[in-house]
Amino acid sequence: VAPASGLWVSLAASNPPAGSLISGTTSAARVQVLSVTLTAGQSGGVTVTGLKFKKTGVLSDSSISSAYLIDAMGKVIGQYSSLSSGVIDFPGLSLGVNAGQSMTVSLAIDPATGLSAGNTVGFALESASAVSAMDSQSNSLTPQGTFPMNGNIFTVTTVSNPSIASVAVTSSSIATTVTAGTQNNLI
């Protein structure tokens, strides 16, 4: 439910469950690790101009090769500007949320290669100061919500034999013409 005014931030219903990060494979690209919903107040739209996510767990900063902010359709709307002291910073955003409406955004990461199995990582929006926003008159807003908003924990897993997960696709010859009235004919 949209607040009367301002910006409400909450953990999204689509927040990813705890899982595994597979080190060193392309299948571990853009792994969603935290989803939040941004809801503008009924009195006016807001623009979110920055988000900062705090890394938790024992994975080092260098173990994250890339980080992205993606929308509900999977479109990249921001790539991290920096990862320093465990904080992924997305400054300079311009995410417009119309009055009384919501937008869900997700943090996604690419784990680096060569990570040690068993290490864990999670992400959080630690406080309202991790969200920069302004109203339609360009006045700074202090978002409301229950902070910190913690995502679930992900555990690094390694795959010693990637061929176990391979798929072989074969094809066979099929008809190239169809006679009128024929049914169930593959073309």
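As the structure is a prediction and not an experimental result, all values here were calculated from the model. What you see below is based on every heavy atom in this structure, not just the backbone, and it leaves out hydrogens, waters and symmetry mates. All residue numbers refer to positions in the sequence shown, counting from 1.
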Do S116 and V156 have side chains that get closer than 4.5 Å, going by heavy atoms?
-> no
Closest non-hydrogen contact found for A2 with A40 is CB-O, 3.5 Å
Considering non-hydrogen atoms only, spot the tightest contact between N15 and G151 and give its length.
-> ND2-CA, 4.1 Å
Which donor-acceptor pairs under 3.5 Å do the side chains of residues 60-67 make with protein atoms, sequence neighbours left out?
unit_1, atom_1, unit_2, atom_2, d
S60, OG, S62, OG, 3.1
S60, OG, S63, OG, 3.0
D61, OD1, K55, NZ, 3.3
D61, OD1, G86, N, 3.3
D61, OD2, S85, N, 3.2
D61, OD2, G86, N, 3.1
S65, OG, D110, O, 3.0

Hey, is the main chain of T120 close enough, under 3.5 Å, to the side chain of T155 for a donor-acceptor pair?
-> no
Within a strict 4.5 Å, meaning less than it, do heavy atoms of the P16 and F154 side chains meet?
-> yes
Would a hydrophobic clustering, with Ile, Leu, Val, Met, Phe, Trp and Tyr connected at side-chain separations under 4.5 Å, put F53 with L83?
-> yes
Rounded to the nearest 0.5 Å, what's the gap from CD1 on I153 to OG1 on T56? Could you check?
-> 4.5 Å
Heavy-atom neighbours of K52 NZ exceed 12 at 6.0 Å = no
For residues Y68 and F90, report the shortest heavy-atom separation together with the two atoms involved.
-> C-CZ, 3.6 Å
side-chain contact (heavy atoms from CB on, under 4.5 Å) between V9 and L125, intermediate numbers included | CA-CA 10 Å; V9 182; L125 277 176; 4.0 Å; yes
Identify the two heavy atoms, one from I70 and one from A108, that lie closest to each other, and give their separation to 0.1 Å.
-> CD1-CB, 4.2 Å
Could you go through residues 96-104 and list every donor-acceptor pair under 3.5 Å that involves a side-chain atom there, pairing it with any protein atom two or more places apart or in another chain?
unit_1, atom_1, unit_2, atom_2, d
S102, OG, T39, OG1, 2.7
T104, OG1, T37, OG1, 3.1

Rounded to the nearest 0.5 Å, the CD1 atom of I109 sits from the OH atom of Y80 at a distance of 10.5 Å
Minimum heavy-atom distance between L34 and F123, given as atom pair plus value = CD2-O, 3.8 Å
Name each donor-acceptor pair under 3.5 Å that joins a side chain in residues 129-148 to protein atoms two or more places apart or in another chain, with its distance.
unit_1, atom_1, unit_2, atom_2, d
S129, OG, S127, OG, 2.7
D135, OD1, Q137, N, 2.9
D135, OD1, S138, N, 3.2
D135, OD1, N139, N, 2.8
D135, OD2, N139, ND2, 3.3
Q144, NE2, T142, O, 3.4

Hey, are the side chains of V121 and V33 touching, using non-hydrogen atoms and a 4.5 Å cut-off?
-> no
When hydrophobic residues are tied together by side-chain contacts of less than 4.5 Å, even through go-betweens, does I77 share a cluster with L93?
-> yes
Nearest-0.5 Å distance that lies between atom NZ in K54 and atom CD1 in I88 | 10.5 Å
Is there side-chain contact between L115 and L21, with at least one heavy-atom pair below 4.5 Å?
-> no
Less than 4.5 Å apart, any side-chain heavy atom of L38 and any of V105?
-> yes
